[in-house]
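Chain identifiers are assigned alphabetically (A, B, ...) following the order of the sequence lines, protein sequences preceding nucleic acid strands; residue numbering begins at 1 within each chain.
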2 protein chains.
Amino acid sequence: MDQIDGKIVRELARDGRISNTELADRIGLSPSACLRRVQELERSGVITGYRAVLNPAAMGRGFVAYVTVGLSDHSKRAQQAFEQAMAGAPQCRECHNITGTREYLLRIEVADLAAYKAFHTDVLGALDHVNALTSYIVMGSPKDERR
Amino acid sequence: MDQIDGKIVRELARDGRISNTELADRIGLSPSACLRRVQELERSGVITGYRAVLNPAAMGRGFVAYVTVGLSDHSKRAQQAFEQAMAGAPQCRECHNITGTREYLLRIEVADLAAYKAFHTDVLGALDHVNALTSYIVMGSPKDERR
DNA sequence: TTTTGCCGTCGATCTGATCCATGGCCGCAA
DNA sequence: TTGCGGCCATGGATCAGATCGACGGCAAAA
């Protein structure tokens with residue numbers, strides 16, 4: 001990972017479908033040298049894949065909220081049950097195990113407030129041991145997610 | 001956006017570099033029909049781009065925390081100053097304007113705890129009007145981010 | 001029944017990926 | 001100084017895939 005690799009990675013993070021020829025041009029390498037580096041970055045796990053970026057609104061995910069969740073039951077069983085429920089809930093896009101008095105921080109993406117309320121009631125409300133919730137509804141992201 | 005478009009979008013979200021031929025195979029369309037649909041999804045803004053996915057640890061971003069931030073000064077000027085500071089801070093990967101008593105939720109990605117402390121002190125600590133902070137350090141993501 | 005919207009197939013063309021061989025440049029160690 | 005290893009550039013050959021245009025079929029809507 002030298003400076004050149006850094007430039008390659010930045011370019012590919014910005015546009016993952018750029019051709020190797022074009023990439024080599026921007027980096028200032030020959031296509032063959034550039035390709036060797038990209039392949040090495042993939043092989044070594046620095047680049048783990050390529051994804052299409054989707055428009056949240058078009059996917060019915062325009063409403064974003066973060067939710068902290070505490071469990072009254074701190075057993076491994078209860079945690080696994082909760083994590084499994086989140087893994088099965090399509091509205092939940094991230095489920096982070098965090099420090100502090102709340103055990104989890106969820107990122108919820110749904111179409112609108114009604115869908116968010118439905119998630120809150122039907123999914124979170126249906127779970128046992130969920131004893132504390134704080135919702136942070138996202139009003140907009142000045143720094144749109146750099147990914 | 002019918003069912004077929006949904007399948008296309010899911011495949012491309014999983015692997016953004018799949019060839020059109022292969023994509024058409026998986027969807028069950030001819031390459032030409034498939035290409036027509038992909039181009040329409042791009043044109044209409046459902047697919048907004050393609051990105052390489054990077055290994056956080058390899059990029060010095062293995063340590064993740066969420067931070068809620070309140071501003072004592074609620075003026076537009078103060079908000080803009082804060083947002084601009086976050087836009088200029090490479091450690092800050094997301095800056096969400098949220099409801100509630102905290103105005104912002106940040107996602108911070110750094111190499112380790114020391115770097116996090118440095119961010120906290122040198123970046124957040126140097127800003128005016130930042131009067132309340134709560135950190136949620138991510139211990140690992142059971143449901144790794146679905147993107 | 002006619003129109004409209006998709007779809008599949010075919011062929012032509014162009015770009016790019018990938019592999020290979022060759023040669024230059026530079027720093028390091030014998 | 002000399003030889004070696006690591007990298008890079010260039011150019012050729014080959015193959016897969018992207019892209020486009022044209023044509024005909026089929027089914028649902030008008």
Side-chain angles (χ1 to χ4, degrees), chain A residues 1-62 90 109-112 115 144-147, chain B residues 1-62 90 111 144-147:
Chain A
M1 264 303 266
D2 59 7
Q3 205 172 343
I4 298 181
D5 284 341
K7 285 175 74 176
I8 290 178
V9 154
R10 268 193 299 282
E11 286 297 328
L12 289 178
R14 218 161 51 82
D15 181 356
R17 271 200 160 176
I18 186 179
S19 77
N20 182 58
T21 325
E22 170 68 16
L23 177 62
D25 257 9
R26 292 195 198 170
I27 302 303
L29 282 185
S30 71
S32 63
C34 185
L35 181 62
R36 275 196 293 273
R37 281 175 176 270
V38 171
Q39 288 174 335
E40 177 56 22
L41 288 168
E42 291 170 351
R43 197 205 56 73
S44 65
V46 174
I47 296 174
T48 57
Y50 299 87
R51 305 263 178 90
V53 182
L54 307 178
N55 180 338
M59 302 298 291
R61 302 183 184 285
E109 294 181 9
V110 290
D112 51 29
D144 232 339
E145 291 128 51
R146 295 173 165 170
R147 293 183 179 269
Chain B
M1 263 306 264
D2 59 7
Q3 205 173 343
I4 297 182
D5 283 341
K7 285 176 74 175
I8 289 178
V9 154
R10 269 194 298 282
E11 286 297 326
L12 289 178
R14 217 161 51 82
D15 180 356
R17 271 198 161 178
I18 186 178
S19 76
N20 182 58
T21 326
E22 170 67 14
L23 177 62
D25 258 8
R26 292 196 198 169
I27 302 303
L29 282 185
S30 71
S32 64
C34 185
L35 182 61
R36 276 195 289 267
R37 279 173 176 271
V38 171
Q39 288 174 333
E40 178 56 23
L41 289 168
E42 291 169 353
R43 195 204 57 73
S44 65
V46 174
I47 296 175
T48 57
Y50 299 87
R51 305 263 178 91
V53 182
L54 307 178
N55 180 338
M59 302 299 291
R61 304 182 185 284
D144 235 336
E145 291 133 47
R146 295 171 165 170
R147 292 182 182 267

*Closest heavy-atom contact between L23(A) and I8(A)?*
CD2-CG2, 4.1 Å
*Once you round it to whole Å, what is the distance between P of dC8(D) and CD1 of I4(A)?*
6 Å
*For the pair made of CD1 in I27(B) and P in dC7(C), what is the distance, rounded to whole Å?*
12 Å
*Is I47(A) close to V53(B) at the side-chain level, that is, under 4.5 Å between some pair of heavy atoms?*
no
*Terminal axis angle for the helix from dT1(C)-dA30(D) to dA30(C)-dT1(D), five pairs an end, nearest 10 degrees*: 30°
*Taking only residues two or more places apart in sequence, or in another chain, which ones meet S19(B) in a side-chain hydrogen bond (donor to acceptor under 3.5 Å, both in side chains)?*
none
*Can you tell me the distance, in whole Å, between the CZ atom of R17(B) and the P atom of dA17(C)?*
8 Å
*Quick one: does N55(B)'s side chain get under 4.5 Å of R61(B)'s, heavy atoms only?*
no
*Quick one: do E40(B) and R36(B) make a salt bridge, cutoff under 4.0 Å?*
no
*Roughly how many Å is it from CG in D2(A) to P in dC26(C), rounded to a whole number?*
18 Å
*To the nearest angstrom, how far is R36(A) atom CZ from dA21(C) atom C1'?*
12 Å
*Using atom CD1 of I8(A) as one end and atom P of dC7(D) as the other, report the distance to the nearest whole Å.*
13 Å
*Are the side chains of V38(A) and L12(A) in touch, meaning some heavy atoms are under 4.5 Å apart?*
yes
_Test item: V46(A) and V9(A) side chains (from C-beta on) under 4.5 Å apart, heavy atoms_ = yes
*When the distance from CG of D25(B) to P of dT9(C) is rounded to whole Å, what number comes out?*
11 Å
*asked:* Could you measure the distance from the CD1 atom of I27(A) to the CG atom of N20(A)? Nearest 0.5 Å is fine.
replied: 10.0 Å
*When all nucleic acid strands are considered with a 4.0 Å heavy-atom cut-off, which category describes R37(A): base, sugar-phosphate, or nothing?*
sugar-phosphate
Can you give me the N/O atom pairs linking the protein to nucleotides 14-20 of chain D at distances under 3.5 Å, or say none if there are none?
from    : atom 1 : to     : atom 2 : distance (Å)
dA18(D) : OP1    : N20(B) : N      : 2.3
dA18(D) : OP2    : N20(B) : N      : 3.3
dA18(D) : OP2    : T21(B) : N      : 3.3
dA18(D) : OP2    : T21(B) : OG1    : 2.9
dC20(D) : OP2    : Q39(B) : NE2    : 3.3

_Would you say that E22(A) contacts D15(A) through its side chain, given a criterion of any heavy-atom pair below 4.5 Å between the two side chains?_
no
